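Keep in mind that what you see is a predicted model, and the values were worked out from it rather than measured.
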Amino acid sequence: MALTEAAVAEHVARAWAAGRGGAIITANVDIVRAATRDPSLAELVAGSELVVADGMPVVWAGRLAGTAVPERVTGSSLVHTLSARAARAGRSVYLLGGDPGVPEAAAEALAARSPALRVAGALSPPYGFDADPVAYREVIGQVVAARPGLVLVGLGFPKQERLIRDLRPDLPAAWFLGCGAGIPMAAGQFSRAPRALQRAGGEWLHRLALEPRRLARRYLRDDAPFALALLAGALLSRFRHS
C-alpha cells in the first residue's frame, strides 16, 4: 500500500482499538524478486494486510510506474514506531529472532525508549527450528502463550512470513511485522546507514560493508540486476500508459 510510516502506525492503532489483527510485509528488492519468481511466495505476500515499500528501488519503480509511493517504510524503523505505538495503546510486544541474547537486548532498548512498553517475551529460536516439527510447534506455543499485541519476527524472508502465517490463527488480534534485521539493529548489533545515504538509495552499500560474506552474493549477483530490470520495466510501463 502507498502509506507513510506514520500512516502504517495509525492503521495498526485503529485496528487494535477495533480488536483486529494483521500482518505487515516490508517489501525490499529481495522480497519483490523472490515473489515474482515463486507463486507460493507471491501468495504469502498477498496474504498480509499491509505491504509497504522497503527499499528505494521499490519506491522509485512505483513512482516511475505511476503509483504515488510517498516514502520508504523500513522494517528496522517500524520496529521502533510500532513498539512506541504499542506502549501508548497498552499492548505488549514479543521479539522473535536474532542470535542468542539479541532479542532480549533489543527488548531492553525498545523499553528504554518507551518506558510504558510491556515486553511479553523475547526468543532466539535454534537454527533450523523451522525444519523440525517439534521445535517449530514449541516456538509457536511460546509466542501464543505470551498473548502479545505486537509480534516482531526477524528471521528473514520467507521464513518469518511463513511463521507469521502459522501464528495468526491463534493470535487474531495481534499485529505481526516481518522485520528482517530490525531486531539486531534495535539491539545495536548493526547500525543503519547515514540518512543521506538512505535517501539516496545506498543503504545496501552500508549493509554490504558490514556483512560482506553474507550479503555480497545476494546483493550483487541477485538483487542489483533485478533492481535495474525493475526500474526499466516500470519506466517502460509508464511510457506505454502515457
Quick one: pull up CD in Gln142 and CD1 in Ile140 and give me the separation to the nearest 0.5 Å.
11.0 Å

Between OG on residue Ser83 and CZ on residue Arg91, distance to nearest 0.5 Å
14.0 Å

Does any part of the side chain of Val73, heavy atoms only, come nearer than 4.5 Å to the side chain of Leu78, both counted from C-beta?
yes

Return the minimal non-hydrogen interatomic distance between Ala105 and Ala187, and the atom names on each side.
CB-CB, 3.9 Å

Do Glu5 and Ser77 meet the criterion of a side-chain donor-acceptor pair at a distance under 3.5 Å?
yes

Sole residue of Thr26, Ile31, Asp30 in side-chain contact (heavy atoms from CB on, under 4.5 Å) with Phe157:
Ile31

Would Leu231 and Leu64 count as a side chain to side chain contact (heavy atoms under 4.5 Å, CB included) here? Give the steps.
CA-CA 7 Å; Leu231 291 169; Leu64 284 172; 4.1 Å; yes

With Tyr94, which of Leu150, Val153, Leu123, Val119 fulfils side-chain contact (heavy atoms from CB on, under 4.5 Å)?
Leu123

Going hydrophobic residue to hydrophobic residue with side-chain gaps under 4.5 angstrom, can you get from Val102 over to Leu95?
yes

For Met185, does its backbone N or O pair with a side-chain atom of Gln189 as donor and acceptor, under 3.5 Å?
no

Here the gap from Ser124 atom OG to Glu104 atom CD, rounded to the nearest 0.5 Å, amounts to 7.5 Å

Which heavy atom of Leu117 sits nearest to which heavy atom of Ala86, and what is that distance?
CD1-CB, 4.2 Å

Enumerate the salt bridge (Lys or Arg N to Asp or Glu O under 4.0 Å) contacts for residues 138-150, please, sequence neighbours excluded, ordered by first and then second residue.
none

Sorted by chain and number, sequence neighbours left out, side chain to side chain contact (heavy atoms under 4.5 Å, CB included) with Asp222 holds for Arg33

Given side chains that start at C-beta, do those of Met56 and Val59 come closer than 4.5 Å, heavy atoms only?
yes

Kindly say whether Ala120 contributes a backbone atom to a donor-acceptor pair with the side chain of Ser92 at under 3.5 angstrom?
no

With a cut-off of 3.5 Å and sequence neighbours excluded, list every side-chain donor-acceptor pair involving residues 212-220.
from	atom 1	to	atom 2	distance (Å)
Arg214	NE	Glu211	OE2	2.9
Arg214	NH2	Glu211	OE1	3.2

Going only through I, L, V, M, F, W and Y residues with side-chain contacts under 4.5 Å, is there a path from Val144 to Val93?
no

Atom of Trp16, atom of Leu82 and distance for their closest heavy-atom approach
CH2-O, 4.2 Å

How close do Glu161 and Gly156 get, heavy atom to heavy atom, and via which atoms?
OE1-O, 4.2 Å

For residues Gly97 and Leu155, report the shortest heavy-atom separation together with the two atoms involved.
CA-CD2, 3.8 Å

Going by salt bridge (Lys or Arg N to Asp or Glu O under 4.0 Å), name the pairs with one or both residues in residues 112-131, residues two or more places apart or in two chains.
Asp130-Lys159

To the nearest 0.5 angstrom, please state how far the CD atom of Glu10 sits from the OG1 atom of Thr81.
12.0 Å

Distance-only donor-acceptor pairs under 3.5 Å for side chains of residues 167-184, two or more places apart:
from	atom 1	to	atom 2	distance (Å)
Arg168	NH1	Gly47	O	3.4
Arg168	NH1	Glu49	OE1	3.1
Arg168	NH2	Glu49	OE1	2.9
Arg168	NH2	Glu49	OE2	3.0
Trp175	NE1	Arg20	O	3.1

In this structure, would Val151 and Tyr136 fall into the same cluster of hydrophobic residues linked by side-chain contacts under 4.5 Å?
yes

With hydrophobic residues grouped by side-chain heavy-atom distances under 4.5 Å, do Ile164 and Ile25 end up in a single group?
no

Of all the heavy-atom pairs spanning Ala53 and Val69, show the shortest one and how long it is.
CB-CG1, 4.1 Å

Between atom OG1 of Thr74 and atom CG of Asn28, what is the distance when rounded to the nearest 0.5 Å?
10.5 Å

Separation of His11 NE2 from Thr4 OG1 (nearest 0.5 Å):
12.5 Å

Are Leu41 and Val45 linked, directly or through other ILVMFWY residues, by side chains that come within less than 4.5 angstrom of each other?
yes

Please tell me if the side chains of Val12 and Ile24 come closer than 4.5 Å, counting only heavy atoms from C-beta onward.
yes

If we only count heavy atoms from C-beta on, is the Leu163 to Leu96 side-chain gap below 4.5 Å?
yes

Name all pairs fulfilling the salt bridge (Lys or Arg N to Asp or Glu O under 4.0 Å) condition that reach into residues 178-198, sequence neighbours left out, sorted by first residue then second.
Arg192-Glu203

